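Letters A, B, ... mirror the listed sequences (proteins, then strands); counts begin at 1. What you see is a predicted model, and the numbers here were worked out from it, not measured in a lab.
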Number of protein chains: 2
Amino acid sequence: MRLSAKGEYGVRAMVHLALHYRDGPIPLSKIAVDENISRQYLEQIFLSLRRSGLISSVRGVKGGYSLASPPGEIFLGDIIRVLDGPITPVNCLSKEIREEELPSCGRGERCLARSVWEKLRDHINQLLDNISLQDMIECKIDQM
Amino acid sequence: MRLSAKGEYGVRAMVHLALHYRDGPIPLSKIAVDENISRQYLEQIFLSLRRSGLISSVRGVKGGYSLASPPGEIFLGDIIRVLDGPITPVNCLSKEIREEELPSCGRGERCLARSVWEKLRDHINQLLDNISLQDMIECKIDQM
DNA sequence: AAAAACCCTACTAAATTAATAAGGTATTTA
DNA sequence: TAAATACCTTATTAATTTAGTAGGGTTTTT
């Protein structure tokens with residue numbers, strides 16, 4: 001039950017952008033240094049985030065990245081799903097996997113564990129989909 | 001945010017034992033076949049579960065494994081922590097890691113993401129520590 | 001024109017996870 | 001008491017995933 005480094009880096013980088021929202025684009029190299037993340041690895045992460053529409057970029061000197069929407073409209077679930085794929089405790093719950101590819105547990109609806117995994121999945125998603133970057137920079141998490 | 005196969009197999013096997021609680025010891029080979037898990041891999045899993053005191057074993061012909069406590073007293077969190085280690089979304093929250101070994105994020109209390117990971121960790125643990133094997137075999141999950 | 005900064009693919013290395021192998025030990029039953 | 005059953009254990013390998021590097025490109029500003 002661990003988040004990947006990619007997801008963790010992504011969230012930290014997005015918080016960084018949130019803190020500088022309206023300061024104009026922030027160069028990736030600055031974020032990489034401040035957050036202690038390899039520049040080239042962070043480029044991969046930002047490539048995904050940009051393609052998914054969560055951030056936008058400006059090229060050239062004085063360019064950089066900025067949030068595509070206000071911090072209050074971007075949720076942790078969005079970020080993590082883009083970087084790590086669907087948030088699900090076991091593969092067989094993921095809708096993106098087609099029936100044929102299902103792991104060989106072959107138990108279908110008979111699986112007593114299934115409803116637990118579904119509940120766990122829904123819990124995690126609901127939590128992450130209700131925490132915005134704004135909540136984070138305002139330190140509202142503890143009161144949630 | 002995915003459970004390992006080990007954790008998943010472990011839970012399924014424990015549910016199996018719960019369904020046969022009071023039937024006397026169930027041979028591992030039977031569980032392996034019924035749950036479609038490699039016998040030798042399941043042996044490793046049961047070794048951990050036994051050493052942690054969640055199950056007990058009887059050797060020899062007519063031997064096998066059984067739950068060490070009633071199904072109502074064994075919780076999913078117990079099983080998963082034994083097999084996968086502490087349930088924590090990011091390493092830096094795990095108490096089992098000493099300060100010196102902390103990953104190099106080097107941000108300590110300044111980390112805005114930290115309280116989110118803590119909240120997520122607590123949520124997941126609380127959920128898993130409140131679902132017993134008894135709940136599962138009685139299909140009470142959906143009403144929780 | 002040069003510098004700054006984004007853009008992108010491919011590859012490699014590291015770590016983790018999953019599984020297999022191979023043999024040992026204890027207990028029951030014919 | 002011998003054979004069969006089934007647990008016990010460590011070591012090794014295979015597979016997969018994750019993390020990170022390399023190396024080049026393009027765009028824009030000064």
Does [X] make a side-chain N or O approach to OP1 or OP2 of [N] shorter than 4.0 Å?
{"X": "A:Tyr65", "N": "C:dA5", "answer": "no"}
{"X": "B:Tyr9", "N": "C:dA19", "answer": "yes"}
{"X": "B:Arg50", "N": "D:dC7", "answer": "no"}
{"X": "B:Ser4", "N": "C:dT16", "answer": "no"}
{"X": "A:Ser57", "N": "C:dC7", "answer": "yes"}
{"X": "A:Ser38", "N": "D:dT21", "answer": "yes"}
{"X": "B:Arg2", "N": "C:dT17", "answer": "no"}

Any [X] side-chain heavy atom under 4.5 Å of [Y] side chain:
{"X": "A:Leu19", "Y": "B:Leu112", "answer": "yes"}
{"X": "B:Tyr21", "Y": "B:Ile137", "answer": "no"}
{"X": "A:Val11", "Y": "A:Ile80", "answer": "yes"}

When you measure from the side chain of B:Arg12 to the backbone N and O of B:Glu35, does any donor-acceptor pair fall under 3.5 Å?
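Confirmed, B:Arg12 side chain pairs with B:Glu35 backbone.
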
Short side-chain to backbone donor-acceptor contact, B:Ser132 and B:Asp135, under 3.5 Å:
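Checked: pair present.
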
Integer-rounded Å distance: [N] [atom2] and [X] [atom1]:
{"X": "B:Ile37", "N": "C:dT17", "atom1": "CD1", "atom2": "C1'", "result": "15 Å"}
{"X": "B:Asn36", "N": "C:dA18", "atom1": "CG", "atom2": "P", "result": "15 Å"}
{"X": "A:Arg59", "N": "C:dC6", "atom1": "CZ", "atom2": "P", "result": "10 Å"}
{"X": "A:Lys6", "N": "D:dG20", "atom1": "NZ", "atom2": "C1'", "result": "11 Å"}
{"X": "B:Ile55", "N": "D:dA6", "atom1": "CD1", "atom2": "C1'", "result": "13 Å"}
{"X": "A:Ile45", "N": "D:dA19", "atom1": "CD1", "atom2": "P", "result": "9 Å"}
{"X": "A:Leu83", "N": "D:dG20", "atom1": "CG", "atom2": "P", "result": "14 Å"}
{"X": "A:Leu47", "N": "C:dA10", "atom1": "CG", "atom2": "P", "result": "13 Å"}

Between B:Asp84 and B:Val58, name the one whose nearest nucleotide on DNA chain C is closer to the 5' end.
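Going by which nucleotide is closer to the 5' end, it is B:Asp84.
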
Collect all protein-nucleotide pairs involving nucleotides 22-24 of chain D in which both atoms are nitrogen or oxygen and the distance is under 3.5 Å.
| from | atom 1 | to | atom 2 | distance (Å) |
| --- | --- | --- | --- | --- |
| D:dA22 | N7 | A:Gln40 | OE1 | 3.4 |
| D:dA22 | N7 | A:Gln40 | NE2 | 2.8 |
| D:dG23 | N7 | A:Gln40 | NE2 | 3.4 |

Classify the side-chain pair B:Asp142/A:Ser115 by whether it contains a donor and acceptor separated by less than 3.5 Å.
no

Thinking salt bridges, do A:Arg81 and A:Asp84 make one under a 4.0 Å N-O criterion?
no

Start at the 5' end of DNA chain D and walk down; is the nucleotide closest to A:Gly7 or to B:Val61 reached first?
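Going by which nucleotide is closer to the 5' end, it is B:Val61.
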
With respect to the side chain of B:Lys62, which nucleotide from C:dT28, D:dA19, C:dA18 is positioned closest?
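Out of C:dT28, D:dA19, C:dA18, the nucleotide with an atom closest to B:Lys62's side chain is C:dT28.
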
Apply the side-chain contact (heavy atoms from CB on, under 4.5 Å) test between A:Leu54 and each candidate in A:Leu133, A:Leu49, A:Leu83, A:Leu67; give the one that qualifies.
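Looking at A:Leu133, A:Leu49, A:Leu83, A:Leu67, the match for A:Leu54 under the side-chain contact (heavy atoms from CB on, under 4.5 Å) is A:Leu49.
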
At under 4.0 Å between heavy atoms, what does B:Ile26 touch on the DNA or RNA strands: base, sugar-phosphate, or nothing?
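Touches sugar-phosphate only.
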
